[in-house]
Protein chains: 2
Amino acid sequence: MNQELELVESMDKLGVLMNKFQTELLNGELKEYTLRQLYYIELIDKHEGISVSEISKTLELKKSTVSIAINQLLELEIVTKIQSNTDKRFYFIKLTPKGKDIMKMHKQVHQNTIKKIINILNPGEVDSFIKIVDKIAALNL
Amino acid sequence: MNQELELVESMDKLGVLMNKFQTELLNGELKEYTLRQLYYIELIDKHEGISVSEISKTLELKKSTVSIAINQLLELEIVTKIQSNTDKRFYFIKLTPKGKDIMKMHKQVHQNTIKKIINILNPGEVDSFIKIVDKIAALNL
DNA sequence: TATAATAGTTAGTTTGATAAAACTATTTAT
DNA sequence: ATAAATAGTTTTATCAAACTAACTATTATA
């Protein structure tokens, strides 16, 4: 059969899937946060000490947008801002213990799903999947 | 190496990927529509003659929300509403030629990406990918 | 030293999506 | 025939997320 057509369907299913994968977060203990907030938290977890400007460039958002979002996370005691000693215009943004807890729960939710996936795939399939995703991701679409 | 950890990363990459896959739509000729609108259009394309209530159940949104969205699409001449003869409370929602054109463009954008993917994968990989995605999708997470 | 550039903030606005509640019109059930 | 249920609409309000523009504070440069 036509591989292209089948792949179209697969991508469709994958879209639905990834949507569920993401919105799962909004059900449990993390439901008080928005996806956007969890996304900021994830980014800060991955790049400890990142600045507002850097986030703004990474996410292609205006500085004002990011500034407000970060100060909101600050208000919620999810992040801290530490002014740089060498350049006082800069602030290093980091996760607080509360922020790290959120990140832990976030990862937990995803890991639970991943366990279910590993359960129904055989090891060879898991390997193929990882390799194929890597290849596609390298495409940079 | 730990398959679970690798799979976590893969799912992460897949998230980024599917995000791009979706937001690609917002660049070309379809940029005048929101993702939400394209989503409604897709649903109506797949279920020609669907009603507001059915959409509301499918998307888990209040009827008022859907009603407004659909009437907006009506205003834009993307959908038509035809009152049922057998039960005049019902309206069958369908795509207009303009709506179908939008759907065509939408599919085209995705197909272009899919061609790129097929190019860098060998046929065996495409097959595996389709099968694996099917398996995961069947999980219903 | 005076001027540019950079980091971040603040104020005000816009847009898109959502919901609750009250409503009309129609159909079903008692 | 009347009451209850259903489909869809309208109004009003809320919210998150984004933007522009003007601002302060700090640093780099000419």
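A note on names: the letters A, B, ... follow the listed sequences, proteins ahead of strands, and every chain is numbered from 1.
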Close residues, residues 77-87 of chain A, relative to DNA chain D [heavy-atom separation under 4.0 Å] | A:Thr86, A:Asp87
Spacing between [X] atom [atom1] and [N] atom [atom2], to the nearest angstrom:
X       : N      : atom1 : atom2 : result
B:Lys62 : D:dA13 : NZ    : C1'   : 16 Å
B:Gln72 : D:dT11 : CD    : C1'   : 17 Å
A:Phe90 : D:dT27 : CZ    : C1'   : 10 Å
B:Tyr91 : D:dT6  : OH    : C1'   : 13 Å
A:Arg36 : C:dG16 : CZ    : P     : 16 Å
B:Lys88 : C:dT26 : NZ    : C1'   : 10 Å
A:Leu35 : D:dC15 : CG    : C1'   : 15 Å
B:Leu61 : C:dA17 : CG    : P     : 11 Å

Where does D:dA4 land, syn or anti, once you apply the within-90°-of-0 test for syn?
-> anti
Distance-only donor-acceptor test (3.5 Å): side chain A:Ser64, base D:dT20 | yes
Check: A:Gln108/A:Asn112 side-chain N/O donor and acceptor closer than 3.5 Å | yes
With distance as the sole criterion, is a donor-acceptor pair present between the side chains of A:Ser51 and A:Ser53 under 3.5 Å?
-> no
Quick one: closest heavy-atom pair of A:Ser128 and B:Ile132, and the distance?
-> CB-CD1, 4.1 Å
Where is the tightest heavy-atom contact between A:Leu59 and A:Arg36, given as atom of each residue plus distance?
-> CD1-NH1, 4.4 Å
When you look at B:Ile78 and B:Tyr33, which way does the side-chain contact (heavy atoms from CB on, under 4.5 Å) test go after all the steps?
-> CA-CA 11 Å; B:Ile78 289 169; B:Tyr33 307 109; 3.6 Å; yes
Select one nucleotide: of D:dG8, C:dG8, C:dA19, the one nearest the side-chain heavy atoms of B:Ile68.
-> C:dA19
Counting side-chain heavy atoms from C-beta on, which of D:dA7, C:dT10, D:dA16 comes nearest to A:Asn71?
-> C:dT10
The helix from C:dA5-D:dT26 to C:dT30-D:dA1: angle between end helix axes, five pairs per end, rounded to 10 degrees | 20°
Answer yes or no: does a side-chain N or O of A:Ser67 lie under 4.0 Å from OP1 or OP2 of C:dT10?
-> no
Which distance, rounded to the nearest 0.5 Å, do you find between the CD of B:Glu75 and the CD1 of B:Ile68?
-> 13.0 Å
Spell out, as yes or no, whether a donor-acceptor pair under 3.5 Å connects the side chain of A:Gln83 to the backbone of A:Lys88.
-> yes
Under the criterion side-chain contact (heavy atoms from CB on, under 4.5 Å), which of A:Leu121, A:Asp127, A:Ile114 is the partner of B:Leu7?
-> A:Ile114
Looking across every strand, which nucleic acid part, if any, lies under 4.0 Å from B:Ser51 by heavy atom: base, sugar-phosphate, or nothing?
-> sugar-phosphate
Going hydrophobic residue to hydrophobic residue with side-chain gaps under 4.5 angstrom, can you get from B:Ile82 over to B:Leu95?
-> no
